[in-house]
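Counting starts at 1 for both ligands and their atoms, in listed order. Start at 1 with the first residue, then count along the sequence. The figures here come from the full heavy-atom set of this structure, side chains too, leaving out hydrogens, waters and symmetry mates.
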Amino acid sequence: MLRFAPSPTGDMHIGNLRVAIFNYIVAKQRNEKFLLRIEDTDKERNIEGKDKEIIELLKKFHIEYDNVVYQSQNLSFHQNFAKKLLEEEKAFACFCTKEELEKEKEKAKKEKRAYRYSGKCENITLDEALKRDEPFVVRIKKPKEIVEFEDILKEKMKFEPNDIDSFVILRANETPTYNFACAIDDMLYDISLIIRGEDHLSNTPKQIHIQKSLGYTKKIEYCHLPIILNQDGKKMSKRDRASSVKWLLEEGFLPEAIINYLILLGNKTPKEIFTLKEAIEWFDIKKLSKNSPKFDIDKLRFINRAHINLMDDKNLATLLGFNEEDIGKLAKIYLEEASTLKELKEKIDKIFAKREILEEFKKESEILKSFILKYRDIEDFNEFKKIVSNKSGLKGKRFFKPLRLLLTGSEHGPEISKIYPILRKYIKRIIK
Ligand code: GLU
């Protein structure tokens, strides 16, 4: 089984969505189940409603899973496994105060070395601990040997026991830390491959150490994805608005285009424009670049235009708030100067909005209006143009400028000859 394990602590990041897409694709390729696990054990960081938002987003992107589980449902497992480790003396109760630990961290910082737990409580037995009747956290004892694992995209990874350290697995309020809950759940659900961001690389040996300590011998495969960078070469953060999936959708990027772009990013694909279904046919996780890819919004805009162009005309019209298939056709012509649904909607809405006629062409506009209405049944633009120009006596700039303004509400745009055949059908709605 594969899994996507988001925390409901903020807006979904494009890096998370990329992780979800890859897990989904590989699950389909391997014919394995796909689990959505909402990692909600850190109650202080959870944001109300973010779980629902994640579920809705996955639906919008057509990323289907076989089951959804909230990590907090497994609390009793987490607590019981911590207890087992305590009883087997693979973990110990730690009574060190926050102040004490802070002091040690400060000291390590001053001495320019990485902080490690002092080992002060390591020899307190469980009996002793329970007798104390004071709150404590549970720390797992650091491993005795190097922890190694293979990663699909990296060289063999090796971690020294000291770097793994004796870390906290259960907080004083008896809730599990991320690494503990994650390691237990991956075991409980028989996860075969974990695809996640590179930022979790140092968590992996901790999770393997937890599982080994509990006697779990199955080898889980790992694939840590390089972090997506912004144009300045820095990790994409909240400050980069395009890092938020919600923002991209609000801006009018299609889910299909976002998926296409995220699969293309840092990858070698047989073609540039494709659907998720097609990607399942040829996607190869091993071919992903080992280097961090740079997010390029212009490329995403290009891909978005391609997917809008592939859409059914009627569906496109609906997304823009219209009913007629023709409006979808019209919008596609406007793709030469717009890339998102939001930009297209602005263009189309302007056509149907109340006109602001330039003072300079007021007289011409009045004359033109009646002739446009009169000859709108002429399908061919050249013919229409000839007749209206002749009858109105207007030529050149004095003809074309007010004509464009009357028909489109803008001074610039696609060639009138391209959009006129559609616009003429709506003249009465356009020229009020
Ligand atoms: N809850 C973690 C996160 O959102 C996921 C960790 C994992 O995939 O193991 O970063």
Which protein N or O atoms sit under 3.5 Å from any N or O of ligand 1? Give atom names and distances.
from	atom 1	to	atom 2	distance (Å)
ligand 1	1 (N)	A5	O	2.8
ligand 1	1 (N)	S7	OG	2.8
ligand 1	1 (N)	E39	OE1	2.6
ligand 1	4 (O)	S7	N	3.4
ligand 1	4 (O)	S7	OG	3.4
ligand 1	8 (O)	R3	NH1	2.7
ligand 1	9 (O)	R3	NH1	3.3
ligand 1	9 (O)	R3	NH2	2.8
ligand 1	9 (O)	Y178	OH	2.9
ligand 1	9 (O)	R196	NH1	2.6
ligand 1	10 (O)	H200	NE2	2.8

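The aromatic rings of F352 and Y426 sit perpendicular, their planes meeting at an angle over 60°, well past the 30° parallel limit. Using the six-membered ring where Trp is involved, F274 and W282 have ring planes that are perpendicular, over 60° apart on the 30 and 60° scheme.
A cation-pi arrangement, defined by a distance under 6.0 Å to the six-membered ring centre and an angle within 45 degrees of its axis, is absent between R3 and F34.
Remark: E221 engages R30 in a salt bridge (Lys or Arg N to Asp or Glu O under 4.0 Å) (not counting sequence neighbours).
Contact check on K271 versus E278 returns a salt bridge, with a Lys/Arg side-chain nitrogen under 4.0 Å from an Asp/Glu carboxylate oxygen.
Contact check for I195 versus L2: side-chain heavy atoms found under the 4.5 Å cut-off.
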